[in-house]
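Worksheet: one structure, shown below.
Counting starts at 1 for both ligands and their atoms, in listed order. The chain is numbered in sequence order, starting from 1.
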Amino acid sequence: MSVKLEDVTYIYSPGTVYEMHALEHVNLEIPDGQFVGVIGHTGSGKSTLVQHLNGLIRPTSGHVYYRNEDIWQEGYQLRQLRSHVGLVFQYPEHQLFETDVLTDVCFGPKNQGLSPEECEKRAREALSSVGVEEELYDKSPFELSGGQKRRVAIAGVLAMNPDFLILDEPTAGLDPRGRDEILDQIERLHKERGISILLVSHSMEDIARYVERIIVMNKGHVAFDGAPKEVFSHYKELETMGLAAPQMTYIMHSLKEHGMDVDVTATTVEEAKASILKALKGKKGK
Ligand code: ADP
Ligand code: MG
């Protein structure tokens, strides 16, 4: 078992008029190698949740464990934790600040105390794995397009060689093509390097295509936690939380209601097609 939250509650500005209960009694365990999606309406606590996983914020009550060790126990090396558990913030381009792309991505490994040669090697590997071309390495991060900036920021975290990568809405504000490219690259990282991925999103469609488990946050609570098909079966409750199941879920339920014997758990176009064809054939046979 890799990361675990035990009864975590987090309150912003406790005891003031701004007091905000962002997380309440959250229990979660994420084993090594999983590709997990965290979804929820704006303000549901997603960003607060993920900042607990690498020790950026400390629970008001409850415990956070990494590989069975309480990360807030005395003497625990939080700095080391942060190189194992990499967090790419929401709008990470706001954290780009070095004069050129390569130097920016070297920042993390440099802080880990690696030699300049090793830093550069790590940075080049990381940049290439997220599809940033070499001719951009000496450009200022600020000259890049939105999608490229996002990739550079992801590379900056990857260069620290995390075994757990958290991405907080990595595709927010990107066009559909930029979004798909980044998500495909993240999936490749997961498959090729076996990195555990926690992908925060507010788009069910995005998440449905990639993850093996979905955690639904609602008002600081974990509302659902399970395999995508299981979570989508609650599509009516998801709507009350300002979320929607993938469009295919609605189509399949509607076909079923109209008397067609289809699999309502189909979420992708391919699955739906197969199920509809099968139902049509079955009808003909009768
Ligand atoms: P999400 O990422 O799902 O949009 P957040 O974790 O950012 O949700 O926020 C959860 C709740 O905590 C929201 O009501 C938000 O307004 C509040 N919140 C977030 N960050 C802060 C902060 N720094 N100070 C006070 N309240 C905050
Ligand atoms: Mg957020």
Side-chain angles (χ1 to χ4, degrees), residues 3-28 30 35-64 71-72 78 82 85-96 146-147 149-151 153-154 156-157 162 164-174 178-179 182-183 186 197-208 210-211 213-226 228 231-232 234 237-245:
V3 196
K4 184 174 165 185
L5 297 189
E6 193 179 88
D7 201 24
V8 167
T9 291
Y10 188 80
I11 307 172
Y12 286 104
S13 317
T16 73
V17 291
Y18 303 106
E19 182 169 299
M20 175 72 221
H21 292 239
L23 293 178
E24 286 189 301
H25 305 291
V26 170
N27 288 289
L28 277 182
I30 300 170
F35 194 163
V36 185
V38 173
I39 192 151
H41 196 263
T42 305
S44 59
K46 303 181 298 296
S47 294
T48 306
L49 173 75
V50 298
Q51 290 176 70
H52 277 85
L53 298 175
N54 77 341
L56 272 182
I57 54 182
R58 183 175 187 159
T60 308
S61 64
H63 296 277
V64 182
I71 69 167
W72 291 104
L78 278 175
R82 292 190 190 125
V85 182
L87 171 62
V88 182
F89 286 90
Q90 202 166 347
Y91 297 107
E93 52 272 30
H94 298 160
Q95 293 167 281
L96 301 173
K149 278 185 201 157
R150 209 55 72 78
R151 284 157 204 261
I154 296 172
V157 173
F164 199 110
L165 179 64
I166 303 167
L167 299 129
D168 194 351
E169 309 218 21
T171 60
L174 299 184
R179 183 189 70 200
I182 287 197
L183 292 175
I186 292 167
I197 309 270
L198 196 146
L199 177 65
V200 177
S201 175
H202 57 256
S203 160
M204 252 338 164
E205 306 282 342
D206 273 6
I207 286 222
Y210 296 94
V211 305
R213 171 181 174 193
I214 296 180
I215 295 165
V216 180
M217 295 299 298
N218 186 42
K219 297 182 181 154
H221 294 269
V222 175
F224 299 110
D225 180 356
V231 170
F232 298 150
H234 301 282
E237 288 119 299
L238 291 174
E239 270 171 28
T240 67
M241 300 170 189
L243 298 168

Item to complete: Quick one: list whatever passes side-chain hydrogen bond (donor to acceptor under 3.5 Å, both in side chains) with His52, sequence neighbours left out.
Response: none
Discussion item. If only side-chain N and O atoms count, and only distance matters, is there a donor-acceptor pair under 3.5 Å linking Tyr10 with Ser61?
Written reply: no
Worksheet item: Which protein N, O or S atoms sit under 2.8 Å from the Mg ion (ligand 2)?
Response: Ser47 OG, Gln90 OE1
Practice prompt. Mind checking salt bridge (charged side-chain N to carboxylate O under 4.0 Å, His left out) for Arg179 and listing every partner two or more places apart, or none if nothing turns up?
Written response: Asp206
Worksheet, complete the sentence: Between Val231 and Val216 the two heavy atoms that sit nearest each other are CG1-CG2, 3.6 Å
Worksheet item: So which residues, sorted by chain and number, lie with a heavy atom under 4.0 Å of ligand 1?
Response: Tyr12, Met20, Ala22, His41, Thr42, Gly43, Ser44, Gly45, Lys46, Ser47, Thr48
Discussion item. Tell me whether the count of non-hydrogen atoms from other residues, nucleotides or ligands lying under 6.0 Å of NE2 in His202 goes above 12.
Written reply: no
Discussion item. Can you give me the closest heavy-atom contact between Leu199 and Ile207, atom names plus distance?
Written reply: O-CD1, 3.7 Å
Item to complete: Output yes when a side-chain donor or acceptor of Arg150 lies under 3.5 Å from a complementary backbone atom of Pro170, and no otherwise.
Response: yes
Discussion item. Has Lys46 got a side-chain atom pairing as donor or acceptor with Gly40's backbone, closer than 3.5 angstrom?
Written reply: yes
Worksheet item: Taking atom types as modelled and ignoring hydrogens, do the side chains of Ser47 and Gln90 form a donor-acceptor contact shorter than 3.5 angstrom?
Response: yes
